[in-house]
Amino acid sequence: MTANSELDKVYDPSELEGKWYAYWLAQKFFEATPNSEKEPYTIVIPPPNVTGILHMGHMLNNTIQDVLVRKARMQGKNACWVAGTDHASIATEAKVVAMLAEKGIDKKNLSREEFLTHAWAWKEKYGGIILEQLKKLGCSCDWSRTRFTMEEDMSKAVIDAFVHLYNKNLIYRGIRMVNWDPKGKTAISDEEVIFETRNAKLYFIQYPFTEGEGSIIVATVRPETIMGDVAICVNPNDERYKSIVGKKVRIPILNKEIPIIADAYVDAEFGTGALKITPAHDKNDYEIGLKFNLEVIDVLDENGNLSEKCGIPKYVGKDRFAVRKDITKELEELGFIQKIEEYQTQIGTSERTGTVIEPKLSVQWFLKMKDLAQPALDAVETGEIKLYPPKFNNTYRIWLENVKDWCLSRQLWWGQRIPAYYLPNNEIVVADTPEKALALAQEKNANYTQNDLRQDEDVLDTWASSWLWPISVFDGFKPAEETENHKDFNYFYPTNDLVTAPEILFFWVARMIMAGYEFKGKKPFENVYLTGIVRDKLGRKMSKSLGNSPDPIELMKQYSTDGVRVGMLFSSPAGNDLRFDEKLCEQGRNFANKIWNSFRLVKMWNVADENTEKTISNAQKQRGEIAINWFKVKFQQTLQELTHLYQEYRISDVLVTVYKLYWDDFCAYYLEAVKPESMETQLVDKHTYAETLNILEDLLKILHPFMPFITEELWQNIRPRKEGESICIADYPVLNEEILAKNTKENFAEKGKIAFELVTEIRNARNSKGISPKVTLKLTLKNAENNLENIYFNDFLGIIKKLTNVEILFADEKPKQAQSLMAGNQECYLELGIMVNVEQERQNIQKELDNLHKFKMRILGNLQNEKFIQNAKPEIIEAERKKLTENETKIVALEESLKSL
RNA sequence: GGGAGUUUAGCUCAGCUGGUUAGAGCAUCUGCCUUACAAGCAGAGGGUCACAGGUUCGAAUCCUGUAACUCCCACCA
């Protein structure tokens, strides 16, 4: 009875995954507490939106984090991966408003408190979904540390930070042009505006001169804002208009007089070369308005409807786009429209609500960024913080050098309310609690009571909490006495690696760096790994609206979680967009299956005892011995490579390297070489068996960060394990210099390479002649002294025999009807047992000789070139000479075979 | 408009400071139900390294120009 029958032929993850994840949690393997004897390794998750559900971007991102964390944990570090969610003020508030609307509740009819009650209820009900999904992905987060950016402590940190910055005079209130989202009724940041190319119309409107005949024609896409016009601007060098600068025109319909001014900003080539200046509704116009000290007339209200100020009662309260139509019609009827052209323009829309953004003047809170940016700039410049790939350094620098002040306020309720209080005389006090605010107020006037204080209605931008994330998750803002003198913070901060999408390099990464230096005088992390964007096969970004994103949970069901994790990481180097194809997951699944079956094979074997040991042939034992030596070297060399690749964060290269080691070297060569001779007894000697288990165990360990579930299952079954043991916390293999040194002496790796090349040649010859692998062929090695020691790779002869089904002979002469093969410098003859087509064989050899001669000419071209000898590095010249010798040996051998045909 | 990046096999990507006859995986083709795995085994074919110049003994690699694509920033009404 073999173990074979106990194990399924196909890897079935359905029960394993849940079982092992539960075990890991129960054993608290992922929980980390400060321990001065262990080196910490910390990652804070980029907190997904609390409204979020897992998408392919998360899959990529979190798989990478888990690989890093699991590896660090196995390397004995105190690995701490902090998870949590972001309150995402706009997105969440939008969802809650929509949910309420479905129930027939209008936000307008709710008080702030009522609304927040609904919002919290919603959060409690739906907020944790994504975290549960991350567990499915196998993420080894310390769930006991899960945070939410709006929980009390976290919010307190945000408020404290605000007060700190305010007191440093870095926060100010200003009238600014902001991107107004009329649907969300909030200002949004530049980064949240998406420009879309849309078809629009360009209206050519006449503004008649106040004196004399004629008019100036202005091209605009926004006729509904003419009531907000305060000037017409032309380029000072524009010959057409030079004479009229300083004159006045009348706004059609409104009949208001405005001046013609000149400024170099205006492009004479565009439209008519005349621009209407509407400071309240265009950023550039606003700038010009400031320069010329022009009035600002805001003709729109917060809903995007025309306001009282527009001066035409019938339009007041009407939607901006409706008014555009109406006013166009009216202008046309009155003859003010010269023409209307079709026009393509970039229109800013809100990332969150999709509405067309309205540039709007409003009072907002701003954070001065210039000083904060400097340390962040330096940190990356000096390499104190490293970005992977480094190509992002440039983008980062340029952005920070031109950083603009950060608009902190949002006209929403879901978020941290701005801790600013207005006094009856409109003075402002800022403090973290109403009590302290009152105290401050009373310094101004002792008679003030709490009732005199009116708190600002706005909340802070979501990023005002996320930028503190690496600090606040470790309670870095809490007083020392509440946190055992910042025990967690001091131990886990600065964190090690941050893994995130390049889209939020500025929103989030740069700001976290600023916050780190500003509040703690220390960087928040050392390395930033920027992932690529996950796209579909056609290169389109995956999005809900396109419906081109697969459901990650379904994928994991179909291909196993390990399979999908592998699929995500195959060929997705840092910073490169990933063109996702389910084929990749299939490949991952196949790999899992391969691993599964290699394990089955080993499980089938029976270990020899004292009695049976002697029934095992020496040949089998010898093969085992050589294969073990060879593979151990191979493993060490790979391990060396992996260290290097991990250091450079080349995660997919790590995966591909391990994949090849497992599939090609371990399965195709090692296991095939070591396999028992007798399929009845399946006997292997003790030594081979023990070493095979060791090798398998090491392989599972280096695979574990990528494929946590299958590796745990197999690791648990390799040998008996005790409760509380796990591959999660097993020691990651360390480099063994001894094995590598031994190899330099004995050349296992190189000998194996030549031997396996010969194997391929033999198989190829067999294959091309259509000879079944079952037929044993004769392989004769040319060997003058008939001395095994003369053959460089003699240790591997047994393995060659096993892998190719040949009988190995020695002779000086080439047997009749044999095909010549070269293994390194060793000439071999393979008898295929069929008539060799002499002419065909001659041609083959001749072709090979021609190639060798061509190559020889190239080498000689170098070696006979004086300049090459003068300029090339000695080791290059040496290499060329070696090539030449090898080339010549091969030529001699082939010429001999040609003669003997 | 400004800046950055990319372009290597049918596809996705390696190729570090110039020095093997340019590599891998997938896909394709051929042959195999060979005593773990057909989600597999064995083997093969496939590239003027985007294009044009230049530097060099030597260029996928460095320089210049051109083209295509991508991203970021700005936003000509």
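Reckoned from all heavy atoms, side chains included, excluding hydrogens, waters and symmetry mates. Keep in mind that what you see is a predicted model, and the values were worked out from it rather than measured. In what follows, chains are A, B, ... by sequence order, proteins preceding strands, each numbered from 1.
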Quick one: which of rG3(B), rA44(B), rA39(B) gets closest to the side chain of Ile398(A)? rG3(B)
Would you call Lys883(A)-Glu880(A) a salt bridge at under 4.0 Å N-O? yes
Given rU70(B), rU20(B), rG19(B), the nucleotide with the shortest approach to the side chain of Lys883(A): rU20(B)
Would you say the side chain of Lys594(A) and the base of rC37(B) hold a donor-acceptor pair, judged only by whether the two atoms sit under 3.5 Å apart? yes
Any donor-acceptor N or O pair under 3.5 Å, side chains Glu287(A), Tyr265(A): no
Just call it for Arg589(A): base, sugar-phosphate, or nothing, with non-hydrogen atoms closer than 4.0 Å on any strand. base
RNA chain B: Leu671(A) or Ser768(A), which has the more 5' nearest nucleotide? Leu671(A)
To the side chain of Lys583(A), which of rC26(B), rG40(B), rA36(B) is closest? rC26(B)
Measure from the side-chain heavy atoms of Lys283(A) and tell me the nearest of rA4(B), rC75(B), rA42(B). rC75(B)
Identified side chain to side chain contact (heavy atoms under 4.5 Å, CB included) counterpart of Val654(A) within the set Leu642(A), Leu569(A), Thr643(A): Leu642(A)
Checking rC57(B), rC41(B), rA36(B) against the side chain of Lys867(A) (C-beta onward), the nearest is rC57(B)
Result of checking Leu849(A), Asn851(A), Leu852(A) against Lys890(A) for side chain to side chain contact (heavy atoms under 4.5 Å, CB included): Leu852(A)
Between rA36(B), rA14(B), rC37(B), which nucleotide has the shortest distance from any of its atoms to the side chain of Lys9(A)? rC37(B)
Result for 5'-nearest mapping on RNA chain B, choosing between Met679(A) and Asn865(A), is Met679(A)
Does Thr760(A) reach a base, just sugar-phosphate, or nothing at all? Heavy atoms under 4.0 Å. sugar-phosphate
Classify the nucleic acid contact of Ser598(A) as base, sugar-phosphate or nothing, counting any heavy atom under 4.0 Å across all strands shown. base
